[in-house]
Structures are given as structure tokens and as C-alpha cells.
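Since this is a predicted model, take the numbers as computed values, not measurements. Throughout, a chain's letter reflects where its sequence line sits, starting with A, and its residues are numbered from 1.
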Amino acid sequence: MPEGAEGRAVDVALPLRLGRLTYRHRGALVPGARVVVPLKEKEKIALLLGEASSPPPDLKEVLSLLDKAPIVPPRLLEFLLWVAEFHLAPEGEVLKYALPASLFRQPKKKKLAPFEGPLLEKPPGSFEATLFFAEDVEERATFLLRKVRETLSGGEGGVLFLVPDRELLNFYRERLKDLSPLVYTGDLTPKKREEAWFAVLKGERRLVLGTRLALFLPFPKLDLLVVEEEEHHGYKQEEGFRGHFRDLALMRAQTEGARLFLSSAGPAVKSFYLAKRGKYHLERANPKNVPFTLVDLRSQKGLLSRKLLNRLRKVLARSKRALLFLNRLGYAPVLMCEECGHLWVCPRCQIPLRLLKAEGKLRCRICPYELKASPLCPSCGGGAPKPLGTGTERLAEILKTFFPEARAGFYGKPGWQEADFIITTARIPRFVEIPGLSLVAVVLADQLFTQSSYLAAERAYQLLKRLSLLSVRYPEAEFLIQTYRPSHHVFKGLRWGYEAFYQEELLFRYQQRYPPFGRLAELILRPAPKILEEVEEFSENFLKEKGLDYAGPLVESPRGNPRLFYLLRASRSGFLQGALRELKEALLARFGGRVRFVADMSPE
DNA sequence: AGCACGCCGACT
DNA sequence: GTCGGCGTGCTC
């Protein structure tokens with residue numbers, strides 16, 4: 001609609017799980033500025049996106065234009081809209097996550113402060129991406145900090161340094177102290193987030209250290225974007241729109257014309273592949289291969305091999321300490337009746353309940369369901385429930401039988417710092433100090449390979465690598481791994497270097513058509529309970545007709561609210577995108593708002 | 001976000 | 001019987 005006495009039709013978005021809405025607007029067209037609009041008899045603050053492409057009739061009017069200049073610069077707005085489109089998410093959903101909530105709230109007493117501008121946005125620089133691969137975090141820090149300093153002193157644009165978690169944030173906060181970075185994380189108060197937003201927008205702060213949502217800050221110009229530990233799953237967002245911020249960072253760097261550094265201790269196979277294919281420059285520090293002892297459990301009985309028992313004996317004899325890694329909580333993952341074969345399962349999720357002996361409970365590992373452990377079988381009334389498999393709790397019990405004099409503790413639980421044997425799951429910090437550590441033992445590596453994600457091997461490699469590097473920090477420490485599959489390529493990687501692992505893993509990905517050779521998407525549908533069967537039939541028909549390769553649906557119904565999960569696979573990403581978009585529209589046409597549609601374009 | 005509608009547990 | 005809990009559907 002052209003501008004005239006009636007004004008023009010414009011699209012706006014509110015920070016809600018809601019797509020764009022269209023209004024009539026007589027004022028100036030300032031995309032990225034806030035406007036006040038009527039919504040259901042109330043006044044709301046929204047973000048002006050731009051002119052509407054196909055305006056419906058009977059529009060309400062924009063009440064006023066709030067800001068003189070955009071609070072979201074044009075390139076950032078373009079990026080945000082792309083993020084929404086890419087994830088098949090409503091614009092408002094992305095907005096809600098990206099911008100401080102306080103920017104859309106009417107202050108209680110005083111009048112709302114408009115942003116006066118001016119808009120400082122500068123022309124983009126030239127995009128360039130590098131994968132920097134160094135096992136040692138100190139080595140990465142040195143390299144990355146040099147890049148940060150060079151960029152800050154060499155240009156006028158901003159530097160954004162992303163970390164995946166709190167621990168690494170603290171590490172880099174310390175290293176960057178003299179450059180006094182703006183620290184931006186999800187747990188800042190809305191007011192603090194707003195202050196930070198404007199400080200960046202006005203060019204007052206050029207260096208930001210933050211977690212993933214800092215990726216949306218409004219730099220007038222961005223020169224350098226660092227994604228430290230790009231392989232870390234902390235970059236994967238699982239609520240709201242589902243996205244991978246490593247991949248989003250690539251897109252942001254492209255739209256901003258920034259230099260991107262993906263920094264890694266053991267790259268995601270996908271990242272290394274892209275680097276090998278020339279999409280990124282590759283900078284590889286000298287590999288650090290840590291010697292280790294591999295124990296073949298097939299020739300042993302029980303979980304504690306002779307070798308491990310010997311080493312533990314030695315640890316005790318020399319008054320040293322051991323870290324025992326077992327990635328399984330509780331006493332046993334499965335409880336079964338030996339008389340009738342009854343299996344204790346979660347009534348909601350239909351998966352075996354885990355036995356927590358000390359608490360006297362059985363608990364589901366997916367949902368919060370729990371059950372008091374009873375000595376009798378509910379099925380046959382017999383008294384022979386048998387725990388199958390070994391968790392950390394049972395490991396402590398077994399250790400006690402071999403070493404009655406030793407103190408065993410669980411990492412993070414009271415008393416662990418005095419323990420001779422420290423038992424831990426994967427949740428072990430990077431920078432943990434364990435004085436006197438002389439053995440790091442992985443009790444059962446196989447659990448790492450059997451996790452259902454296609455990334456299982458990659459994650460196993462990364463975790464074992466991290467443990468190996470932990471062990472070298474203690475000069476006398478030995479690194480020992482027990483497994484039933486000693487020929488697994490993860491061990492080749494640990495012995496000969498990442499590349500040895502990568503070669504074989506890439507072959508597996510190729511054969512199974514997993515990324516980087518195919519694209520996966522997870523589709524999550526949440527129909528109203530009544531129409532569950534109808535929706536299931538409709539979506540399956542659709543997927544079949546489209547010729548999509550899919551698995552599912554997996555149906556879960558926590559508290560009677562059904563969710564359908566499908567895993568889709570295709571060789572071309574455009575095909576998946578298009579099909580999902582069509583399905584979304586078809587579902588909307590058929591069922592209206594009674595089905596919620598969520599697409600995860602990078603499921604793990 | 002708010003506001004309205006709708007279906008299952010304790011009560012003046 | 002009803003009051004009201006939250007789950008969910010809608011907003012140009």
C-alpha cells in the first residue's frame with residue numbers, strides 16, 4: 001500500500017509467541033523502532049518491522065511511533081527475521097528472546113523514554129571465518145585474546161566473545177579484566193539487559209563477553225565474533241525457538257561482515273568438515289595426545305578389572321586419590337523381578353525406572369515421576385526385585401567390598417574432598433583441583449557410545465579428551481579407560497589424534513546420511529488431546545506423500561498433554577525447510593490453533 | 001504477556 | 001450442586 005492520507009500498512013511484532021501483525025501507520029517508517037499499537041482493547045509496545053507485503057483489510061491504527069531511531073539496527077533486524085524464518089518460528093518468539101523485556105514494558109510511574117538516536121550503524125566489513133583448534137584452553141585463550149586486542153586497537157567496531165557456560169565465562173572474565181568487557185548473560189535483570197543494550201547500541205561499549213543470547217546485541221558495527229568451545233552443547237537452545245548458536249553466529253558474522261573465530265578443544269565433526277572443505281580457514285595448534293591404558297572388559301568378569309583394582313590398590317598404598325568416572329546416576333538403571341520378569345517402568349514415559357537405593361526410591365530419568373521402592377513385586381507379590389546394571393551408587397558399594405578401608409565419595413556431595421576414590425558422572429568441571437590425584441579411570445566408556453544421538457561418538461571423544469587433559473595436569477597421574485569395544489574409533493582418536501577419529505566418524509556419518517552429509521530436523525506437534533489421533537494421521541499422511549524420510553512419531557503425554565515427535569532426514573536442507581513450512585500451513589488450515597508446531601532444525 | 005474459556009477436585 | 005484451579009487459544 002503506498003503512503004497517502006490513509007497511511008501505509010506496516011508489520012509489527014510483539015515479544016510474544018505470535019507472528020507478525022499488520023496495522024495502518026501514518027507516521028514515518030522506521031523499521032526497528034518501537035511503536036504503540038492497540039491489541040485486544042489494550043495498548044502494547046511492539047517493534048516495527050517494515051512495510052506489509054499483503055495487508056488484510058480492516059486494519060487498526062498504530063497509535064504512535066516511540067523512537068526517533070531504530071533500537072534494532074537494520075542489519076540486526078534482518079538477522080532476527082532470518083532467525084525466525086529459518087526456525088519456522090513466530091517473529092515474536094525470537095524477539096522475546098533477543099531483546100530485553102523491559103523495552104516493551106510501560107513504566108509504572110514515569111513516561112517511557114524514547115530512543116533519540118542517532119543510528120550509528122556503519123557499513124559492514126568483510127566476512128571471514130576460521131576454525132581454531134587447540135586442545136589446551138590456555139593456548140586458546142592466548143590466541144583469542146591476541147585477536148581481541150588487535151581488533152580493539154585496530155578498528156572502531158565491536159568485539160563479541162561468546163562462551164557456552166558460566167565456568168568458561170568466569171575464566172575469560174578474569175583474562176579480559178584489563179579490557180573491562182561488558183558481561184552479558186541470560187540471568188541479568190531486564191533493567192541491566194536494557195542498559196547493556198543501549199550501551200552497545202550507542203557504541204559506548206565495544207567489547208562484550210557473554211553467553212549465547214549476547215549474539216543478538218545491537219552493535220553498530222561488529223568486527224570480531226568469537227565462539228569459544230564451539231563444540232559445546234551449551235550453544236544449543238532447547239526452549240522457545242530451537243536453534244544452534246554456533247550456526248547462528250556464522251550467519252550473524254556474514255550479515256555484519258565480521259571475522260568469525262570458531263574456537264575448539266575438539267571440533268564438532270561438522271565444523272571440522274567445513275574447515276577441511278575450505279569453508280573456514282583452519283588453524284591447528286600442536287596436537288596434545290595423552291597416553292592412556294585401555295582395558296578390554298571382555299576378558300574380565302565384573303566392572304572392576306584386575307588392572308583397575310591394581311591401580312586402585314596402588315593409589316591407596318601411596319595415599320593418593322583416584323577419580324572414577326561412570327556416567328550413570330543412582331544404584332541401577334533397571335529393576336526387574338527375578339521371579340516373574342516384571343519390569344518397573346515409568347507409567348508416563350514407558351522407560352525403565354532408575355533405582356536410587358539410598359533414597360529408597362525409583363525415579364524416571366525423563367520426567368519427574370517417582371515411586372517409593374518396595375521390597376515386593378506388584379505383579380507376582382514375590383520378593384525378588386533385582387537391580388540390573390551399575391550406577392555410581394552401586395559402584396561405591398562394590399568398591400567398599402574390595403577396599404573396606406577406603407573412603408569413597410561422590411563428586412560435589414559433602415565430604416568428596418576428603419575421599420580417596422572420587423566418583424563422578426559427566427558433570428565434572430574443567431578447572432577442578434584435586435590435590436594428590438594419581439589416577440583418572442573411566443569405568444565404562446561404552447555408555448558414551450550407546451547414547452541415542454548421532455553425535456554420541458563425537459561427544460564421547462570430547463569428554464574423554466577432556467578427562468585425559470585433566471589427568472596430565474597431575475604429573476604422576478595415569479589415565480585408564482575400560483571398555484567392551486576397544487577397537488572403537490574414539491580410542492584411535494585419543495591415541496593418534498583427532499584426525500584419526502574424524503576420518504572414521506565421517507564415514508559413519510556418510511553411510512547413515514547424518515550431518516554434515518544430510519540434514520536432520522525434529523518436528524514437535526502438540527495437539528489438543530481430543531484431536532491427537534486426527535493430527536497423527538494427518539501429519540503422517542503428509543510426510544508420506546512428500547516422500548520424506550522420517551522416524552516416529554514418538555508420543556509422550558505428560559499430564560495428559562500429548563506431544564508427537566518426528567525425526568526427519570533429507571539430503572538437501574531446502575527440501576526439509578520447504579516441506580515443514582507446507583506442513584505447518586496445512587496443519588493451520590486444518591486444525592487452526594489447536595495444534596502447536598515446533599521445528600528443531602538442528603536436533604541433537 | 002494478559003484475558004477468556006473450559007473441564008475436574010474440595011466445599012460455603 | 002458450585003467455586004476455582006490451571007491448561008490452552010487468541011490477539012492485526
Side-chain angles (χ1 to χ4, degrees), chain A residues 1 3 6-27 29-31 33-66 71 80-81 84 88-108 112 186 189-191 193-194 213 239-241 348 367-369 524-536 538 555-564 584-598:
Chain A
M1 186 191 290
E3 192 178 1
E6 298 85 45
R8 44 158 79 87
V10 294
D11 281 339
V12 309
L14 289 112
L16 311 174
R17 199 181 56 237
L18 182 64
R20 48 177 70 202
L21 300 178
T22 310
Y23 290 85
R24 186 182 308 286
H25 178 46
R26 297 171 195 280
L29 185 69
V30 189
R34 288 170 297 173
V35 288
V36 182
V37 295
L39 185 76
K40 277 256 193 94
E41 319 289 305
K42 288 219 153 193
E43 290 185 12
K44 292 280 175 181
I45 299 171
L47 196 75
L48 183 53
L49 303 180
E51 204 144 355
S53 46
S54 52
D58 308 329
L59 297 177
K60 290 190 186 175
E61 292 232 11
V62 169
L63 299 171
S64 66
L65 178 65
L66 244 172
I71 60 164
L80 292 174
L81 296 180
L88 292 94
E91 282 87 351
E93 176 107 78
V94 174
L95 219 67
K96 176 179 151 187
Y97 184 74
L99 307 198
S102 57
L103 287 175
F104 297 95
R105 278 207 282 265
Q106 205 77 239
K108 285 273 176 301
L112 211 138
T189 63
K191 201 67 211 159
R193 280 184 69 184
E194 183 179 334
L213 91 166
E239 67 280 336
F241 73 92
R348 291 185 257 203
C367 77
Y369 178 82
I524 305 152
L525 299 177
R526 300 179 55 183
K530 278 189 230 157
I531 54 170
L532 170 62
E533 281 80 16
E534 238 181 308
V535 168
E536 198 173 332
F538 186 85
V555 186
E556 280 176 22
S557 294
R559 290 179 304 277
N561 304 313
R563 285 156 206 219
L564 300 167
K584 187 181 181 181
E585 267 151 39
L587 283 166
L588 186 70
R590 176 80 169 72
F591 301 102
R594 288 160 352 131
V595 186
R596 203 138 114 211
F597 178 103
V598 178

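Nucleotide dA1(B) holds its C1' atom 10 Å from the CZ atom of Arg105(A), rounded to whole Å. Between the C1' atom of dC12(C) and the CG atom of Leu49(A) lies a distance of 13 Å, rounded to the nearest Å. Taking atom CZ on Arg594(A) and atom P on dG6(B), their separation rounds to 13 Å, with Å as the unit. When rounded to the nearest whole Å, the span between NZ of Lys530(A) and C1' of dC8(B) equals 14 Å. Here the P atom of nucleotide dA1(B) and the CD atom of Glu93(A) are 10 Å apart, to the nearest Å. Distance CG (Leu18(A)) to P (dT8(C)): 18 Å, rounded to an integer number of Å. Summarising the geometry, the separation between CG on Asp11(A) and P on dC12(C) is reported as 14 Å, rounded to the nearest angstrom. Rounded to whole angstrom, the span from the CG atom of Leu16(A) across to the P atom of dC3(B) amounts to 13 Å.
When distances are taken from the side chain of Lys96(A) to each of dC12(C), dC7(B), dA1(B), the shortest belongs to dA1(B). For Ala528(A), the listed nucleotide lying nearest its side chain is dG9(C); candidates were dC7(B), dG9(C), dC12(C). Across dC12(C), dG9(C), dT8(C), the shortest atom-to-atom separation from the side chain of Arg526(A) is found for dT8(C).
Residues Glu91(A) and Arg20(A) are paired through a salt bridge, judged by an N-O separation under 4.0 Å between the basic side chain and the carboxylate.
Counting any heavy atom pair closer than 4.0 Å across all strands shown, Ala101(A) reaches no nucleic acid atom.
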- Task: List the steps and the verdict of side-chain contact (heavy atoms from CB on, under 4.5 Å) for Arg24(A) and Arg8(A).
- Result: CA-CA 6 Å; Arg24(A) 186 182 308 286; Arg8(A) 44 158 79 87; over 6 Å; no

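Checked by atom type and distance alone, the side chain of Ser102(A) never pairs as donor or acceptor with a backbone atom of Glu194(A) at under 3.5 Å.
For the pair Leu63(A)/Glu43(A), a side-chain contact is recorded, criterion being any heavy-atom separation below 4.5 Å from C-beta on. At a threshold of 4.5 Å between non-hydrogen side-chain atoms, the residues Val35(A) and Val30(A) do not count as touching.
The stretch residues 35-47 of chain A comes close to DNA chain B through Lys40(A), Lys42(A), Lys44(A), each having a heavy atom under 4.0 Å from the strand.
Applying the salt bridge (charged side-chain N to carboxylate O under 4.0 Å, His left out) test to every pair with at least one member in residues 586-595 of chain A, sequence neighbours left out, gives these pairs: Glu534(A)-Arg590(A).
The environment of Lys60(A) atom NZ is dense: over 12 non-hydrogen atoms of other residues, nucleotides or ligands sit within 6.0 angstrom.
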